[in-house]
Protein chains: 2
Amino acid sequence: MTETPIRNMEEFARLSGISRPTVSKFFNDPDSVRRSTREKIEAALEKYDYRPNIYAINQNRKLTKNVGIVVPYLADPFFAEIARYIEQACIAAGYRPTLFSAHGDPALEIEIMDNLRALKPAGVLMAPLGRASDKSAIEAFCRNVPTVLFDSNIEGMGEAFVGSDNASFVTETVEYLTRSAEPPCFFEMKHPANPNANKRRAAYLAMAEKLGFAPQVIQIEGTGWGFEEIGRQGGLKLLEENALPSPVILCSNDRLAIGLLSACYERGIRVGREPECALRVASHDDHPFSRFTCPSLTTAAHDYAAVSDTAVESLFRLVEGGGKLKERSETLFRARLIMRNSA
Amino acid sequence: MTETPIRNMEEFARLSGISRPTVSKFFNDPDSVRRSTREKIEAALEKYDYRPNIYAINQNRKLTKNVGIVVPYLADPFFAEIARYIEQACIAAGYRPTLFSAHGDPALEIEIMDNLRALKPAGVLMAPLGRASDKSAIEAFCRNVPTVLFDSNIEGMGEAFVGSDNASFVTETVEYLTRSAEPPCFFEMKHPANPNANKRRAAYLAMAEKLGFAPQVIQIEGTGWGFEEIGRQGGLKLLEENALPSPVILCSNDRLAIGLLSACYERGIRVGREPECALRVASHDDHPFSRFTCPSLTTAAHDYAAVSDTAVESLFRLVEGGGKLKERSETLFRARLIMRNSA
DNA sequence: TGAAATTCTTTACGCGCGTAAAAATACTGC
DNA sequence: GCAGTATTTTTACGCGCGTAAAGAATTTCA
């Protein structure tokens, strides 16, 4: 690795003894050149440390190798984790992922799409904010940029959706709670940020019907993405008013449950499976922190890896197919029950 | 907003009735053209929706408007939060931030620096992994790219460092614990990932000397960035062996404390200020989840906003000064004690 | 109103690379 | 050693924009 700063491909080509167009061909696909030339170039690469100018490349290719990853709220470790999986899958496929977070703000989500358009990405993997998203902005974006939605579905938008089967989450937990204790009530936000919440409520109601118990839905106030605080405040209020219809509570998601558990703790109410416990709490998502709550949280887990891998695969099929699929597909992965101590 | 896709600046210039070089000038600084021409261009902008090709721009400018933000571990909401602050500050200053996470992996950190070099950013804000970082790689990087380190300092690298005054964190907590209860022992990882941990230990030892108590440092096993799990395992082991030298525990950071609290809960050991509690636990960082632990965590808070704003300011001063400062500066912000229920 | 100072237009080149076409060269199997 | 094929070289253009220089137009202000 000599300390010779190389200006451009022309210069590098000369130093490696290969013509520039061939070197260009090499960088687009090392296997597209003869073995002997590839080796010459690779030898020069060892020696001189050169990388093609990414801006010149992207300007001239019709399609960049960029992939946008958009999540609604990166301060939620769930999204940080899934973004990590997706990032790795993109890199492995030879693409350059760039991560964006809307930070819970619809205006920022629109701005991200604007910036993304300028990046001319080969494709975008997007978990939209959901209820707060500007649907028409997303629709317009998806018409221009090959997009696969994940985690949170918006009917008809994007070329595909990959996420978790919300119904299966609720089926698992309700079934388990009913079997091991008694039918749960359902604890959720009155105006959930995310459409998954609605599917979960619907699944809860369906399970009540199927198992023959009277459903009890508790809808707490609060807006935004500070779910823990919302769950906590809602929990404190319920406990204060003694308004819990059942000692078994199923939270719509783990972050609400984390807040609820902290409220219970503060009020001195024990949660868990033991006889001396007044409440049982279960939830959905298998949030990275759910194993460290007090008590540890019984929950239904996403298949992070399957969702990420499938979303990325779908995107690359889409990209290689020219950006359009014959038909919008929806892929859902089932939940896995994680039994811990809270229920 | 007519549906006329505009190909390039030439075309847009013609449609707006202004010459291309002037339009170019406008996009570089709207105030550099006469008011009347600016208004013409802005009117055309309303009508035709055009944005200069970012790749062509970056290819031709010596300096891009890109800013890299590198954090060691994005699944830690602390870094997600600070990244959010920094992002906003960059956007406000007219730059284009891009977020990268090393995900706790030194190899990835190096790869990020490689990619960052290709992006030719105006500057980089970097919170290095710390102990695991390849120091020489970072040093080489900092020589080529104007870099401001934040959160985690590496002696002499980057043009400036902005972070928190670790000593003040420990001073605050030790002082408080000693005053309200008794001198704490110090709970940390034997091989901490981050150099801040060493500063905190040193400050603890100094405080012990100053206040005249015998320091007790507990160093638990475990490597990597899964601090909660490490804290939990360490806590379980300590409790099992009854090896706690003091009923007052000061954790090096909140994530360890979260793990420790979960261990205590699991073992039925009450933590808090009330007389019936066997332990008190305090910590440092004011992690976003620390208010939802059971009990809520008494901790010392970073001044997120000050750290982010100052880091960004430093970077822009650096960039505008041509990428070099006369002298490497270190700016530290004091901690603020957050009293909650755990101690 | 006129001259000086601004600002704009015109023209032209360069950035680093993708890519096409034709010619030259290197391999392959027989 | 040959024809036939695969690969490389040579040459050349284009991508969209930054930017420099010279002259034309506009504004400013005495």
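Here the structure is a predicted model, which is why all the values come from computation and not from measurement. Chain identifiers are assigned alphabetically (A, B, ...) following the order of the sequence lines, protein sequences preceding nucleic acid strands; residue numbering begins at 1 within each chain.
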Map Val33(B) and Phe27(A) onto DNA chain C by nearest heavy atom, then report which one ends up closer to the 5' terminus. Val33(B)

5' precedence on DNA chain C between Gln59(B) and Arg35(B) (nearest-nucleotide basis):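 It is Arg35(B), whose closest nucleotide lies nearer the 5' terminus.
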
Counting side-chain heavy atoms from CB outward, which of [options] is closest to [X]?
X	options	answer
Ala56(B)	dT10(C), dG16(C), dC17(D)	dC17(D)
Ile57(B)	dC17(D), dG16(C), dT10(D)	dC17(D)
Pro21(B)	dG16(C), dT10(D), dT11(C)	dT11(C)

Between Asp134(B) and Glu109(B), is any pair of side-chain heavy atoms under 4.5 Å apart? no

Would you say Val312(B) and Leu315(B) make side-chain contact, with heavy atoms under 4.5 Å? no

Assign Tyr50(A) to base, sugar-phosphate, or nothing according to its heavy-atom contacts below 4.0 angstrom with the strands shown. sugar-phosphate

Describe the nucleic acid contact of Thr37(B) in one word from base, sugar-phosphate, nothing, applying a heavy-atom distance below 4.0 Å.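 Sugar-phosphate only.
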
Distance-only donor-acceptor test (3.5 Å): side chain Asn60(A), base dG14(D):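 Yes, the side chain and the base share a sub-3.5 Å donor-acceptor pair.
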
Report yes or no: is there a donor-acceptor pair, N or O only, under 3.5 Å between the side chain of Arg20(B) and the base of dG18(D)? yes

How close or far is atom [atom2] of [N] from atom [atom1] of [X], stated in whole angstroms?
X	N	atom1	atom2	value
Ile18(A)	dA24(C)	CD1	P	19 Å
Lys25(B)	dT10(C)	NZ	P	16 Å
Glu11(B)	dC17(D)	CD	C1'	15 Å
Ile54(B)	dG18(D)	CD1	P	11 Å
Arg61(B)	dG16(C)	CZ	P	16 Å
Arg7(A)	dC17(C)	CZ	P	13 Å
Arg34(A)	dT5(D)	CZ	C1'	11 Å
Arg14(A)	dC17(C)	CZ	P	13 Å

Side chain to side chain contact (heavy atoms under 4.5 Å, CB included) between Val67(A) and Phe316(A), intermediate numbers included: CA-CA 10 Å; Val67(A) 170; Phe316(A) 291 151; 4.2 Å; yes

Can you tell me if the side-chain N/O atoms of Thr22(B) get under 4.0 Å from OP1 or OP2 in dC8(C)?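 False: Thr22(B) side-chain N/O out of range (4.0 Å or more) of dC8(C) OP1/OP2.
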
dC17(D) phosphate, OP1 or OP2: any side-chain N/O from Ser24(B) under 4.0 angstrom?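 No, outside the criterion.
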
Look at the aromatic rings of Phe12(B) and Tyr50(B) and report parallel, tilted or perpendicular, splitting at 30° and 60°. parallel

Residue from Phe78(B), Phe79(B), Phe150(B) passing ring pair (Phe, Tyr, Trp, His ring centres under 6.0 Å) with His302(B):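 It is Phe78(B); the other options fail the test.
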
